[in-house]
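Each chain gets a letter, A, B and so on, in the order its sequence line appears, and its residues count up from 1.
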Protein chains: 2
Amino acid sequence: MVNENNEVYDTIIIGAGPAGMTAAIYAIRYKLKTLIISKDTGGIANLAHKIENWPGIVSITGPELMENFKNHVEALGVKIVQEEAVKISQGFEVTTSESNKFKAKTLILALGTVRRKLNIPGEDEFLGKGVSYCCTCDGPMFRNKIVCVVGGSNSAVMGALLLADYASRVYLIYRKDALKADPALTDSLKTNKKIEVIFNSEITKIVGTKFVEKIVLNNGKELPMQGIFIEIGGIPSTALAKQLGIDLDDHSSIIVDDNMRTNVKGVFAAGDITNTPLDQIVTACADGAKAAYAAFNHLKK
Amino acid sequence: MVNENNEVYDTIIIGAGPAGMTAAIYAIRYKLKTLIISKDTGGIANLAHKIENWPGIVSITGPELMENFKNHVEALGVKIVQEEAVKISQGFEVTTSESNKFKAKTLILALGTVRRKLNIPGEDEFLGKGVSYCCTCDGPMFRNKIVCVVGGSNSAVMGALLLADYASRVYLIYRKDALKADPALTDSLKTNKKIEVIFNSEITKIVGTKFVEKIVLNNGKELPMQGIFIEIGGIPSTALAKQLGIDLDDHSSIIVDDNMRTNVKGVFAAGDITNTPLDQIVTACADGAKAAYAAFNHLKK
């Protein structure tokens, strides 16, 4: 696809997770000529096995909720270009992985975060051969196997609970001495007999031949292991933001004001990519709504 | 009902609109002993005829969406005391309209706003006899009648559009020379032949015998009229906040930080009652989630 007619969009939203899709829903409400560029839809919300805190729905899977969002966006006539945005120049012009170019008067960056890696021997080698960054996606393949989750956050604990539905044994390996997950989740962990938490420990090496066979901990101990799920958080996807000279905080998150404005005029950001507190679907959505409103106000001037 | 066992809640949420109910959903996630006190549920979201920007649902009525929220809250086991909170003392102790008293370690104020009045002759006299503050609630009673909406905001324009489904003629009366509603809405207005916008005008008097019969404008002109819908925004319900010495801004909104903390330790606020930008259901929900998280963090210390 080549953008031959050289349209200029009022706003291009980069990213199609909860923040980006809500920004689109609001941008249409403000009658902005809107385009989404994103290689996929749903973002890391797709990795949520079970969502019980999206208001109005007692329980739903991440992929189901994101499908509802996508249907909503599409019902409003917003086009999603399923390519990766690889370059942004001032003006603004966005170039995609397929070398297509799109012009816009404003941008909303809603690229979320990418998964953090352990950076240990065997991690890359055994990716897809026992090493995974998504319990929801890959858990069912480890039926009756021994697995571990690395991390201490909500997503790590939720991952361990999910894996216990499949695996014969689940270790939760965390480098600190107390989990940082919500109490509701850690309580569920304690009553699950398949799960054992190993505190104050890190994996130093992943060993195997064709598939993962064991892990080595920093105390030298070895554990037979068939699946390793790495759930140690994400890094904001700010490569494009850097091209525009957007200010980031110490965690590499985009610094936004109350209206989701970055330091670059006409560029807004929303969701996990920003420094707004509490990264949840509902807070990302609110960010997206505010960013669209701010883009609208910027264009009115 | 008397709270005889003298329980102390981790948090009492005052108000049960989108902000208050989402705060409850999150408070339960953080395993807080939670109570909601609110004379009704849904808040002014109940007045929305049609909601098309709640992510994941193409179109829903306000009452339906709020019913979903209420079902969610009740599924989590949160009790809603359907009384009005009339007094709060430090500590904290909340006294209701029924003289019941409830104690809590933290408070989340989510009382929203109350409708603003015109304060003109006839307004109080004809309340329920032609004067209304809710197009959604009372519109259907004005089938084939002549009505007007006062205001220029989204809710005023939406009200006019809704009333055009029932009434024979709809005037939108606004004191300024341009509406402040979203372009998508004002466009719909322009193509609706039943609606006429009267700019730069205010009603000075409402006249009738048993029911409203006509209005007088500030230019002296009189218009025959059977229904008057006043949609000129709301005033934050901050009477309780004032009892606690909570700082308000120039619009009487509660000043909160990024984590929904007020200047009084242990007291948080969320939704339309606060000074956070863009009063929408999704932003109120995000506020509620953040307030619950802040209450949890406050209690952990």
Side-chain angles (χ1 to χ4, degrees), chain A residues 18-19 21-32 52-60 64-76 154 182-187 257-260 275-294 296-297 300, chain B residues 18-19 21-32 52-60 64-76 154 182-187 256-260 275-278 280-294 296-297 300:
Chain A
M21 290 200 278
T22 306
I25 291 165
Y26 271 79
I28 290 302
R29 186 152 193 89
Y30 298 125
K31 292 187 79 75
L32 305 187
E52 299 186 327
N53 51 7
W54 174 252
I57 300 180
V58 175
S59 187
I60 191 169
E64 281 171 339
L65 183 59
M66 290 304 100
E67 188 66 20
N68 292 350
F69 274 49
K70 192 185 176 196
N71 291 341
H72 193 170
V73 166
E74 289 180 342
L76 295 172
N154 280 348
D182 298 347
L185 288 170
T186 54
D187 278 10
D257 68 10
D258 284 350
N259 298 296
M260 303 297 131
N275 65 337
T276 55
L278 193 64
D279 290 341
Q280 291 285 300
I281 293 176
V282 75
T283 55
C285 291
D287 283 1
K290 288 177 187 176
Y293 184 59
F296 167 62
N297 282 326
K300 264 205 317 190
Chain B
M21 290 200 279
T22 306
I25 291 164
Y26 271 79
I28 291 302
R29 186 153 192 88
Y30 298 125
K31 293 187 78 74
L32 306 186
E52 297 186 328
N53 50 7
W54 174 253
I57 300 181
V58 174
S59 187
I60 191 169
E64 280 169 341
L65 183 59
M66 289 304 99
E67 188 66 20
N68 292 349
F69 275 49
K70 192 185 176 196
N71 291 341
H72 193 168
V73 166
E74 289 179 342
L76 295 172
N154 280 348
D182 298 348
L185 288 170
T186 55
D187 278 8
V256 289
D257 68 10
D258 285 350
N259 297 297
M260 302 298 131
N275 65 337
T276 55
L278 195 64
Q280 291 284 300
I281 293 175
V282 75
T283 54
C285 291
D287 283 2
K290 288 177 188 175
Y293 184 58
F296 167 63
N297 281 327
K300 263 204 320 190

Identify the two heavy atoms, one from [X] and one from [Y], that lie closest to each other, and give their separation to 0.1 Å.
X      : Y      : result
A/T283 : B/K290 : CG2-CE, 3.8 Å
A/D258 : B/P277 : O-CG, 3.5 Å
A/R29  : B/L185 : NH2-CD1, 4.0 Å
A/Y30  : B/P183 : O-CG, 4.1 Å

Note: vs chain A, highest number of non-hydrogen pairs under 4.5 angstrom among B/A184, B/P18, B/P55, B/A294 is B/P55
Charged N to carboxylate O below 4.0 Å: is that the case for B/D187 and A/K31? yes
Measure the shortest side-chain to side-chain distance between A/W54 and B/C285 over non-hydrogen atoms and say whether it is less than 4.5 angstrom.
no
Applying a strict 4.5 Å limit to non-hydrogen atoms, the region of A/A289 in contact with chain B is both
Bottom line for A/L65: the part with an atom under 4.5 Å from chain B's heavy atoms is neither
How long is the span from the [atom1] atom in [X] to the [atom2] atom in [Y], to the nearest 0.5 Å?
X     : Y     : atom1 : atom2 : result
A/I57 : B/I57 : CD1   : CD1   : 6.0 Å
A/I28 : B/N53 : CD1   : CG    : 12.0 Å
B/I25 : A/E52 : CD1   : CD    : 11.0 Å

Those residues at least two apart in sequence (or on a different chain) that pass ring pair (Phe, Tyr, Trp, His ring centres under 6.0 Å) with B/Y26 are none
* To do: Examine whether an atom of B/Y293 lies under 4.5 Å from a heavy atom of chain A, and if so say whether it belongs to the side chain, the backbone or both; otherwise answer neither.
  =>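 Contact with chain A involves the side chain of B/Y293 alone.
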